[in-house]
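Chain letters run A, B, ... following the sequence lines, proteins first and then strands; every chain starts at 1.
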Amino acid sequence: MTARTVLQEADITRALTRIAHEILEANKGTDGLVVLGIPTRGVELAERVAALLTQIGGSRSTLSTETVKAASTSASTSAAASSSASRPAAAGAATAELGSAASGAREASAVAAAAATAAAATAADAGSADAGTTGSSGPQSTATTADQPWVCPVGSLDVTMYRDDLARNPVRSTSPTRIPADGIDGKTVVLVDDVLYSGRTIRAALDALADVGRPAAVRLAVLVDRGHRELPIRPDYVGKNLPSAASERVNVLLTGTDGIDAVTIEDSASGAGA
Amino acid sequence: MKHLLSTRDLDRDTAIDLLDVALDMAATQQREVKKLPTLRGRTVVNLFFEDSTRTRISFEAAAKRLSADVINFAAKGSSVEKGESLQDTAQTLEAIGADGIVLRHPASGAAAVLAGSGWIRASVVNAGDGTHEHPTQALLDAFTLRNRIHGDAARGKGLDGVRVLIVGDILHSRVARSNVWLLTTLGAEVALIGPRTLLPFGVEEWPVTVGDDLDSAIAAAPDAVMMLRVQRERMADAFFPSTREYSANWGLTGARFRRLPESTVVMHPGPMNRGFEISSEAADSPRSTVLEQVANGVSVRMAALYLTLAGGDR
């Protein structure tokens with residue numbers, strides 16, 4: 001039983017930060033991201049990845065359409081008050097300009113211009129007879145919600161009741177499943193687990209996910225990929241590839257659960273782990 | 001856990017674990033797809049030697065939500081009436097392929113006999129045996145009470161210091177017995193109130209306080225009041241002079257209900273005799289958990305079936 005440390009605290013932090021950046025890059029921003037951890041240790045990892053996503057994604061206005069919307073509504077408060085006459089004419093151009101702003105235009109004036117027309121468009125769409133009151137009250141009420149920075153929705157997904165090896169092992173207790181309030185329908189769900197091994201846990205997770213809702217896409221992030229897959233499952237984001245023998249045991253220790261951050265590998269004659 | 005026979009032999013950790021699993025089962029019942037694949041390929045037989053629609057339906061729903069195949073066996077009109085023994089019936093069911101038997105039987109101890117006899121390999125879940133125990137009912141009562149008291153923070157918690165009043169026909173009530181053992185195991189303080197004639201022999205040995213004055217018990221402001229059904233079908237003798245006298249002394253009338261603190265939970269295992277042991281005012285109030293108990297019954301029975309049937313260590 002000689003345990004060798006493969007990843008230390010700094011390595012784990014670095015790996016998770018890289019994974020968070022890769023998620024934002026592949027997703028082209030924060031749109032529709034939901035992070036779900038698989039108990040036990042996947043949940044803590046998911047919370048850390050989500051915190052990193054919030055930290056990185058929240059500040060990237062070029063990548064985030066959410067933040068573009070936030071900028072547009074705050075700009076529109078003044079615009080709506082000044083230009084009530086130009087509204088119907090500008091409404092047509094609003095959608096096209098907002099679209100280009102979202103796809104990466106960084107110039108502040110372009111965003112502001114799009115924002116003013118976008119606000120006008122929503123006011124016109126509302127079809128209110130009294131345009132003045134809609135213009136003044138509408139953007140203000142949305143501004144309060146849009147001004148809040150984006151926070152990555154995070155939850156947990158218990159797969160115990162979907163496992164294919166229940167009858168082969170002693171019965172195990174279940175863990176809570178927490179799905180973010182907005183659900184997962186149409187979202188991009190990133191599943192997070194500590195060690196990817198046979199792939200059977202992930203298969204169970206996909207089944208569990210299908211019972212909760214219908215995501216637009218499901219991605220997989222793991223801290224350690226130790227190989228030995230038994231199913232056609234491949235991770236999208238990997239902290240560390242760790243070639244291992246089936247007889248070795250890979251342990252992931254996390255501060256919240258174990259009091260320390262580390263990944264160790266140990267020889268154990270008694271067989272497979274993780 | 002191979003069998004679930006009584007709450008008396010459940011230790012605190014096992015009981016809390018079962019309630020936590022029930023919490024997860026309850027959460028799955030809010031989903032779009034309520035059915036779990038957990039017990040696919042397993043067969044559960046509801047073997048009922050006594051009439052019980054509510055308990056049987058609850059177990060049936062629980063087994064079906066876990067994808068088990070369910071066979072309902074009612075003793076009425078069956079081979080049992082032709083004189084077949086419990087052993088032969090159970091062995092016949094196992095030959096058909098039963099992995100789990102949910103047993104309701106009029107004889108106290110029937111479930112323990114079936115589980116300990118070596119006649120069958122199937123798991124046995126006691127769904128009520130005579131006047132002995134009804135463990136899943138007590139578990140769902142504890143589950144309901146725990147949710148009411150701790151709310152979202154219920155996971156992992158017991159019922160420490162919670163004062164529960166169990167009122168009525170303790171003598172014939174297996175629900176009361178199961179609740180006494182389970183609630184005290186979970187740390188609650190239980191008081192039994194009922195007519196002296198309906199308190200069992202040897203009750204002073206139980207870890208509870210016993211009395212016959214409901215009004216003074218209500219004045220002590222309990223956290224929960226559990227009203228028991230008066231089981232007239234089990235009463236060959238006269239245990240109290242009249243139903244009106246029973247209702248006046250031990251019924252949760254509107255007046256008594258109004259004297260309870262706002263936070264007190266009112267429970268009843270059902271079916272209720274409205275206007276007899278419980279008034280409609282109490283039964284229909286927001287503090288009543290009667291329907292909550294029924295809904296929670298499915299989750300708790302899912303947990304019981306999962307823990308007894310799913311593992312490979314059976």
Check: Does CZ belonging to B:Arg155 count more than 12 external heavy atoms closer than 6.0 Å?
Finding: yes
Check: For atom CG of A:Asp258, is the number of surrounding heavy atoms from other residues, nucleotides or ligands below 6.0 Å larger than 12?
Finding: yes
Next item on the list: Indicate yes or no: at least one non-hydrogen side-chain atom of A:Thr177 is less than 4.5 angstrom from one of B:Arg31.
Entry: yes
Item checked: Residue among B:Gly41, B:Pro37, B:Ala27 with most heavy-atom pairs under 4.5 Å to chain A -> B:Pro37
Notebook entry, point to check: Do you know which two heavy atoms are closest between B:Lys35 and A:Asp211, and how far apart they sit?
Noted result: O-OD2, 3.3 Å
Notebook entry, point to check: What part of B:Arg40 gets closer than 4.5 Å to chain A, counting heavy atoms only: side chain, backbone, both or neither?
Noted result: neither
Notebook entry, point to check: When you look at B:Met1 and A:Val171, which way does the side-chain contact (heavy atoms from CB on, under 4.5 Å) test go after all the steps?
Noted result: CA-CA 8 Å; B:Met1 192 177 0; A:Val171 70; 5.8 Å; no
Item checked: Under 4.5 Å from any heavy atom of chain A - which part of B:Lys34 -> neither
Margin query: As an exercise, state the distance from CD1 of B:Ile16 to OG of A:Ser173, rounded to the nearest 0.5 Å.
Written below: 12.0 Å
Next item on the list: Please say whether more than 12 non-hydrogen atoms of neighbouring residues, nucleotides or ligands are located less than 6.0 Å from NZ in A:Lys240.
Entry: no
Notebook entry, point to check: Quick one: does B:Thr38's side chain get under 4.5 Å of A:Leu166's, heavy atoms only?
Noted result: yes
Check: Counting only heavy atoms not in B:Gln87, do more than 12 fall under 6.0 Å of its CD?
Finding: yes
Margin query: Quick check on A:Arg172 against chain B: is it the side chain, the backbone, both or neither that has a heavy atom closer than 4.5 Å?
Written below: both
Margin query: Check this for me: B:Asp152, atom CG, are more than 12 non-hydrogen atoms of other residues, nucleotides or ligands nearer than 6.0 Å?
Written below: no
Next item on the list: Count the heavy atoms of every other residue, nucleotide or ligand shown that sit under 6.0 Å from CZ of A:Arg234, and state whether that count exceeds 12.
Entry: no
Next item on the list: Would you check if the side chain of A:Thr174 reaches a backbone N or O of B:Asp24 as a donor-acceptor pair within less than 3.5 Å?
Entry: no
Margin query: What I'd like to find out is whether the side chain of A:Met161 reaches to under 4.5 Å of the side chain of B:Met25, using heavy atoms alone.
Written below: yes
Notebook entry, point to check: Sequence neighbours excluded, which residues qualify as side-chain hydrogen bond (donor to acceptor under 3.5 Å, both in side chains) partners of A:Ser244?
Noted result: A:Arg226
